[in-house]
A.B. asks: 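Sharing a structure with you now.
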Amino acid sequence: MSIQPDKWIKRKAIKDKMIDPFVDHLVRAHDGDKVISYGLSSYGYDLRVSDEFKVFTNMNNAVIDPKGFNDDEFIEVKSDVCIVPPNSFALAVSMEYFKIPRDVLTMCIGKSTYARCGIIVNVTPFEPEWEGQVTLEISNTTPLPAKIYAGEGLAQVLFFKADQQCDVSYADRGGKYMHQKGITIPRM
């Protein structure tokens, strides 16, 4: 496998709608205001977080169970800024919709601007032939409330192209998170 440079990403994003909407350059300011960068970078793509969030609250002293996830433990927020409570987390969704080619695997990692503030972004790999909006897990590891800015960069996607196509893709397996739109909670 090899990591793919910006020209390959741009060509695939435009021709095959691998990323939609696609920003073909790195944006660092919008209308004169500085933003946390997003768009095409040297070897990846900095995705944006939408204005939809599910912020965890433990008002019912619940236990998080991936086999029986209770959506009632989240407060839904639709805003340009989301405040994640101290030592807590939120779910969010990318503004972009991704269609990953059969011979590509991606890794998605948090941006350094947030990491340096104690904000960890966790996203699993985008497997070959997976498509959908990305559900983003945002952890605030600090003892203070943390701001997340909608419409700005939150994580960088790195694209790894294989020498050959995989035998069985995410689509072939009928993956449970295929074609997801909006924030998608754990499924069994």
Side-chain angles (χ1 to χ4, degrees), residues 1-55 76-84 89-101 104-128 130-142 144-161 177 179-184:
M1 285 192 147
S2 61
I3 192 167
Q4 293 306 297
D6 56 356
K7 289 180 185 176
W8 179 89
I9 296 167
K10 184 174 182 176
R11 185 172 61 248
K12 294 296 279 182
I14 293 169
K15 180 180 174 241
D16 300 333
K17 292 212 177 275
M18 184 174 73
I19 305 169
D20 186 37
F22 176 68
V23 178
D24 69 357
H25 61 284
L26 199 62
V27 176
R28 293 190 172 133
H30 184 73
D31 293 333
D33 294 327
K34 289 183 179 181
V35 298
I36 299 172
S37 62
Y38 62 88
L40 185 63
S41 61
S42 302
Y43 283 92
Y45 187 85
D46 292 6
L47 63 73
R48 294 169 290 171
V49 62
S50 81
D51 63 355
E52 298 174 45
F53 301 89
K54 288 183 184 259
V55 180
E76 293 189 17
V77 175
K78 187 169 178 69
S79 177
D80 291 340
V81 174
C82 177
I83 305 295
V84 181
F89 78 100
L91 295 178
V93 66
S94 66
M95 292 176 65
E96 294 85 359
Y97 188 94
F98 290 83
K99 291 182 183 178
I100 305 305
V104 171
L105 175 72
T106 76
M107 297 296 292
C108 188
I109 54 178
K111 291 185 60 68
S112 62
T113 300
Y114 279 115
R116 292 164 198 240
C117 294
I119 311 292
I120 307 301
V121 179
N122 182 34
V123 181
T124 57
F126 310 168
E127 294 186 47
W130 172 80
E131 70 174 83
Q133 284 181 291
V134 181
T135 296
L136 305 156
E137 301 84 22
I138 305 164
S139 294
N140 177 3
T141 65
T142 75
L144 304 169
K147 283 186 178 182
I148 307 298
Y149 293 92
E152 298 187 23
L154 185 70
Q156 183 180 42
V157 182
L158 302 174
F159 296 83
F160 296 90
K161 187 171 183 334
Y177 298 111
H179 305 290
Q180 67 187 18
K181 291 185 180 175
I183 298 169
T184 305

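For this chain, numbers begin at 1 and follow the sequence in order. Since the model is a prediction, treat every value here as computed from it, not as a measurement.
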A.B. asks: With I119, which of T113, T141, I148 fulfils side-chain contact (heavy atoms from CB on, under 4.5 Å)?
C.D. replies: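 The residue from T113, T141, I148 that satisfies side-chain contact (heavy atoms from CB on, under 4.5 Å) with I119 turns out to be I148.
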A.B. asks: The criterion is side chain to side chain contact (heavy atoms under 4.5 Å, CB included); which residues satisfy it with K181, sequence neighbours excluded?
C.D. replies: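 K181 satisfies side chain to side chain contact (heavy atoms under 4.5 Å, CB included) with Y97, Q133 only.
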A.B. asks: Please enumerate all residues that pass side-chain hydrogen bond (donor to acceptor under 3.5 Å, both in side chains) together with S112, with sequence neighbours excluded.
C.D. replies: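 Counting only residues at least two positions away or on another chain, S112 forms no side-chain hydrogen bond (donor to acceptor under 3.5 Å, both in side chains).
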A.B. asks: How far apart are the closest heavy atoms of Y38 and G151, and which atoms are they?
C.D. replies: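 So the two residues come closest at CE2-O, 3.8 Å.
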A.B. asks: If you compare all heavy atoms of L40 against all heavy atoms of G44, which two are closest, and at what distance to 0.1 Å?
C.D. replies: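 Taking L40 first and G44 second, the nearest heavy atoms are CD1-O, 3.6 Å.
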A.B. asks: Can you list the steps and then say if F159 with Y45 is a side-chain contact (heavy atoms from CB on, under 4.5 Å)?
C.D. replies: CA-CA 8 Å; F159 296 83; Y45 187 85; 4.0 Å; yes
A.B. asks: So, for S50 and A150, which heavy atoms are closest and what is the spacing to 0.1 Å?
C.D. replies: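 Smallest heavy-atom distance, with atoms named: O-CB, 3.4 Å.
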A.B. asks: Listed by chain and number, what are the side-chain hydrogen bond (donor to acceptor under 3.5 Å, both in side chains) partners of Q4, not counting sequence neighbours?
C.D. replies: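 Testing Q4 for side-chain hydrogen bond (donor to acceptor under 3.5 Å, both in side chains), a comparison that skips the adjacent residues, returns S2.
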A.B. asks: Tell me, yes or no, whether the heavy-atom count around Y43 atom OH, taken from other residues, nucleotides or ligands under 6.0 Å, exceeds 12.
C.D. replies: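 Open: at most 12 neighbouring heavy atoms sit under 6.0 Å from OH of Y43.
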A.B. asks: Give, for atom CG of L136 and atom CG of L47, the distance between the pair rounded to the nearest 0.5 Å.
C.D. replies: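 These two atoms lie 5.5 Å from each other.
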A.B. asks: Ignoring hydrogens and angles, write down the donor-acceptor pairs under 3.5 Å from the side chains of residues 15-32, residues two or more places apart or on other chains.
C.D. replies:
residue : atom : partner : partner atom : Å
D16     : OD2  : K12     : NZ           : 2.7

A.B. asks: Can you sort out the partners of T142 under side chain to side chain contact (heavy atoms under 4.5 Å, CB included), two or more places apart, ordered by chain and number?
C.D. replies: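 T142 satisfies side chain to side chain contact (heavy atoms under 4.5 Å, CB included) with N140, L144 only.
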A.B. asks: Please report the closest heavy-atom contact between F126 and V134, naming both atoms and the distance.
C.D. replies: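 Minimum heavy-atom contact is CZ-CG2, 3.3 Å.
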A.B. asks: Do you know the tightest heavy-atom contact between S41 and D46?
C.D. replies: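 Heavy atoms only, the tightest pair is OG-OD1, 3.9 Å.
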A.B. asks: Who pairs with F89 by ring-ring contact (aromatic ring centres under 6.0 Å, His included), at least two apart in sequence or on another chain?
C.D. replies: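 With sequence neighbours excluded, F89 shows a ring-ring contact (aromatic ring centres under 6.0 Å, His included) to F56, F74, given in chain and number order.
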A.B. asks: Partners of S94 by side-chain hydrogen bond (donor to acceptor under 3.5 Å, both in side chains), sequence neighbours excluded?
C.D. replies: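 side-chain hydrogen bond (donor to acceptor under 3.5 Å, both in side chains) list for S94, sorted by chain: empty.
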A.B. asks: Is any side-chain heavy atom of V93 closer than 4.5 Å to one of V49?
C.D. replies: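 Not in contact.
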A.B. asks: Which residues pass the salt bridge (Lys or Arg N to Asp or Glu O under 4.0 Å) test with E96, not counting sequence neighbours?
C.D. replies: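 R48.
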A.B. asks: Keeping T135 on the side-chain end and T184 on the backbone end, is there a donor-acceptor pair under 3.5 Å?
C.D. replies: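 Yes; at least one donor-acceptor contact below 3.5 Å.
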A.B. asks: side-chain hydrogen bond (donor to acceptor under 3.5 Å, both in side chains) with E127: which residues, sequence neighbours excluded?
C.D. replies: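 With sequence neighbours excluded, E127 shows a side-chain hydrogen bond (donor to acceptor under 3.5 Å, both in side chains) to R173, given in chain and number order.
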A.B. asks: Residues two or more places apart in sequence or in another chain: which of them pass side chain to side chain contact (heavy atoms under 4.5 Å, CB included) with E152?
C.D. replies: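 Applying side chain to side chain contact (heavy atoms under 4.5 Å, CB included) to E152 gives V35, I36, Y149.
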A.B. asks: Atom CG in L91, atom CD in E76: separation rounded to 0.5 Å?
C.D. replies: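 Result: 10.5 Å between the selected atoms.
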A.B. asks: With rounding to the nearest 0.5 angstrom, report the SG to CG distance, C108 to L158.
C.D. replies: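 Interatomic distance, C108 SG to L158 CG, rounded to 0.5 Å: 8.0 Å.
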A.B. asks: What residues form a salt bridge (Lys or Arg N to Asp or Glu O under 4.0 Å) with K147, not counting sequence neighbours?
C.D. replies: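 Counting only residues at least two positions away or on another chain, K147 forms no salt bridge (Lys or Arg N to Asp or Glu O under 4.0 Å).
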A.B. asks: Using the salt bridge (Lys or Arg N to Asp or Glu O under 4.0 Å) criterion, which residues pair with D6? Sequence neighbours excluded.
C.D. replies: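 So D6 forms no salt bridge (Lys or Arg N to Asp or Glu O under 4.0 Å) with any residue.
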A.B. asks: Taking it one step at a time, do F98 and V157 satisfy side-chain contact (heavy atoms from CB on, under 4.5 Å)?
C.D. replies: CA-CA 10 Å; F98 290 83; V157 182; 4.1 Å; yes
A.B. asks: How close do W8 and V104 get, heavy atom to heavy atom, and via which atoms?
C.D. replies: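 W8 and V104 have their closest heavy atoms at CH2-CG2, 3.5 Å.
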